[in-house]
J.: 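One structure, as C-alpha cells, below. Some questions next.
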Amino acid sequence: MSAIKDKLIKDKLPQHIAIIMDGNGRWAMGKGMERISGHQTGVESVRRVAEACSEIGVQNLTLYAFSTENWNRPKYEVDALMELLVRTISGEMQTFIDNNIRLRAIGNLDQLPEACREELNLAMSKTSKHDGLNLILALSYSARWDILNAGKKMSNDVLQGIINPLEINENIFKSYLSTAAFPDPELLIRTSGEHRISNFLLWELAYTELYFCDKLWPDFEKDDLYTAILDYQKRERRFGLTSEQLR
Ligand code: FPP
C-alpha cells in the first residue's frame, strides 16, 4: 500500500503522462558500472511506472526511449540499447498481458534495426486487443522530425487535391503527427534534475504541466510517479484564461 497513492483524486487523473527517462548513464557511472547497466536497470523503472499507471487508470503513457539524436551516441551504446529494446519488448510480454497493456510506438520506426522492428510489430499486434494502458514508446523520435514529416505528408495531400490548404487547422495538422491517435499529455515528467524538453513532443506539450524530479531514472519508484501526479492535481490549468474565468 502507498499512502501517496491513496491521496490521488481519482476523477482528476491525467489521461496521458509523458516521461523523459533521464539519468541512466549517470546512475551507472556513479556506481562504477558501464552506462548500459543504467539502461538495464532503467527497464525496471519502466515496468514499475507502466504497472502504476495501469493500477490507477491512466490511459496513455509515452516514454522517450530513444531520440533521433541518440543515434549519434557511440556505436556500442546504440547497439546495446537496440538489443535491450528487443529483449525488453519480448521479455515483458507477460507484464503487458497481466496488466492489459497495449504496446504502441511513435517515431521514425523505419530507422530501427530489422530485429527491433520485427519484435516491436509482433508485440504491438499481440497486444492490439488490450484496452488498458497504451504504453507508447518514442523510438528514433524527435518532435522536429515528426512535425517536418507531418508537413511533408500534408503538402503531398495538398498537391494530390486530398485536402484544401485553406482548411488546414490544428486538428488537421495533428492528424498527420505520429501522435495523432493519442490526446495531448496533461503531465510531462523529466528525471535527473535536467530542465529541458530535448525535442520531445513539441506540438503536444503546448499546455502540458511540466514536472522535474531530481532522481535518476533507475531510482524512480511508483511513489515518485504518484508524487508527480499529486503535484499536477494541485495546479490550476488555465489554458490562457484567467482564474476568475475558470471559476
Ligand atoms: C537517458 O539516459 C535514457 C535513454 C537514452 C534511454 C532510455 C532507455 C531505457 C530506460 C531502457 C529501455 C526502455 C524501454 C522502454 C524498453 P542517459 O543515458 O542520457 O543518462 P545520462 O544523462 O545520465 O547520461
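Indexing begins at 1, ligand by ligand and atom by atom, following the structure's order.
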J.: Between Glu55 and Lys222, does at least one N-O distance fall below 4.0 Å, as a salt bridge requires?
T.: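 Salt bridge between Glu55 and Lys222, a charged N being under 4.0 Å from a carboxylate O: yes.
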J.: Grouping I, L, V, M, F, W and Y whenever their side-chain heavy atoms are under 4.5 Å apart, do Met82 and Leu137 come out in a common cluster?
T.: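 Yes, Met82 and Leu137 fall within the same hydrophobic cluster.
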J.: Among Arg73, Arg26, Glu194, which residue places a heavy atom closest to atom 19 (O) of ligand 1?
T.: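 Among Arg73, Arg26, Glu194, the closest heavy atom to atom 19 (O) of ligand 1 comes from Arg73.
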J.: For atom 16 (C) of ligand 1, which of Val49, Thr88, Leu216 has the closest heavy atom?
T.: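 The residue whose heavy atom sits nearest atom 16 (C) of ligand 1 is Thr88.
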J.: Would you check whether Trp217 has a nitrogen or oxygen atom less than 3.5 angstrom from a nitrogen or oxygen atom of ligand 1?
T.: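 Between Trp217 and ligand 1, no N or O pair is found under 3.5 Å apart.
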J.: Indicate the ring-plane relationship of Trp217 and Phe220, choosing parallel, tilted or perpendicular according to the 30° and 60° boundaries.
T.: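 The arrangement is parallel - the two ring planes meet at less than 30°.
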J.: Could you list the atoms of ligand 1 found under 4.0 angstrom from a heavy atom of Leu85?
T.: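 Atoms satisfying the 4.0 Å criterion: 16 (C).
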J.: For salt bridge (Lys or Arg N to Asp or Glu O under 4.0 Å), just list the numbers for Glu194 and Arg26, CA-CA rounded to whole Å, side-chain angles, deciding distance to a tenth of an Å, and then say yes or no.
T.: CA-CA 12 Å; Glu194 305 288 357; Arg26 274 165 285 163; 3.4 Å; yes
J.: Going by distance only, is there an N or O of Ala65 that falls short of 3.5 Å from an N or O of ligand 1?
T.: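 Such a contact does not occur with ligand 1.
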J.: Determine the sole option in Asn149, Asp146, Asp157 for which the side-chain hydrogen bond (donor to acceptor under 3.5 Å, both in side chains) test with Tyr176 is passed.
T.: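 One option only clears the test, and that one is Asp157.
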J.: Which one holds for Ile89 and ligand 1: side chain close, backbone close, both close, or neither close, with close meaning a heavy atom under 4.0 Å?
T.: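 Looking at Ile89 and ligand 1, no heavy atom falls under 4.0 Å.
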J.: Please list the nearest protein heavy atom to atom 1 (C) of ligand 1 with its residue and the distance rounded to 0.1 Å.
T.: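 The closest one turns out to be Met21 O, 3.1 Å.
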J.: Rounded to the nearest 0.5 Å, what separation is found between the CG atom of Leu139 and the OH atom of Tyr64?
T.: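 It is 11.0 Å, given to the nearest 0.5 Å.
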J.: Tell me the protein heavy atom at minimum distance from atom 12 (C) of ligand 1, and give that distance in Å.
T.: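 Scanning the protein heavy atoms, the shortest distance from atom 12 (C) of ligand 1 goes to Val43 CG2, 4.0 Å.
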J.: Would Arg35 count as a contact residue for ligand 1, given that I'm defining contact as a non-hydrogen atom of the residue lying under 4.0 Å from a ligand atom?
T.: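 It does, in that a heavy atom of Arg35 comes within the 4.0 Å cut-off of ligand 1.
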J.: Students often mix this up, so state it plainly: with edges at 30° and 60°, are the rings of Tyr141 and Phe200 parallel, tilted or perpendicular?
T.: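 Correct class here is perpendicular.
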J.: How far is atom 4 (C) of ligand 1 from its nearest protein heavy atom, and which residue and atom is that?
T.: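 It is His39 CE1, 3.9 Å.
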J.: Give yes if a backbone or side-chain nitrogen or oxygen of Asp22 is under 3.5 Å from a nitrogen or oxygen of ligand 1, and no if not.
T.: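 Yes; at least one N/O pair falls below 3.5 Å.
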J.: Would you say Thr62 and Arg104 make side-chain contact, with heavy atoms under 4.5 Å?
T.: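 Answer no - side chains too far apart.
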J.: Counting non-hydrogen protein atoms only, what is the nearest one to atom 9 (C) of ligand 1? Give residue, atom name and distance.
T.: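 Protein heavy atom with the smallest distance to atom 9 (C) of ligand 1: Asn24 ND2, 3.8 Å.
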J.: How far is atom 15 (C) of ligand 1 from its nearest protein heavy atom, and which residue and atom name does that atom have?
T.: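 Sorting protein heavy atoms by distance from atom 15 (C) of ligand 1 puts Leu137 CD2, 3.5 Å first.
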J.: Using the six-membered ring wherever Trp is involved, compare the ring planes of Trp203 and Phe173 and label them parallel, tilted or perpendicular (cut-offs 30° and 60°).
T.: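 The arrangement is parallel - the two ring planes meet at less than 30°.
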J.: Considering only protein heavy atoms, which is closest to atom 5 (C) of ligand 1, and at what distance to one decimal place?
T.: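 It is Asn70 OD1, 3.6 Å.
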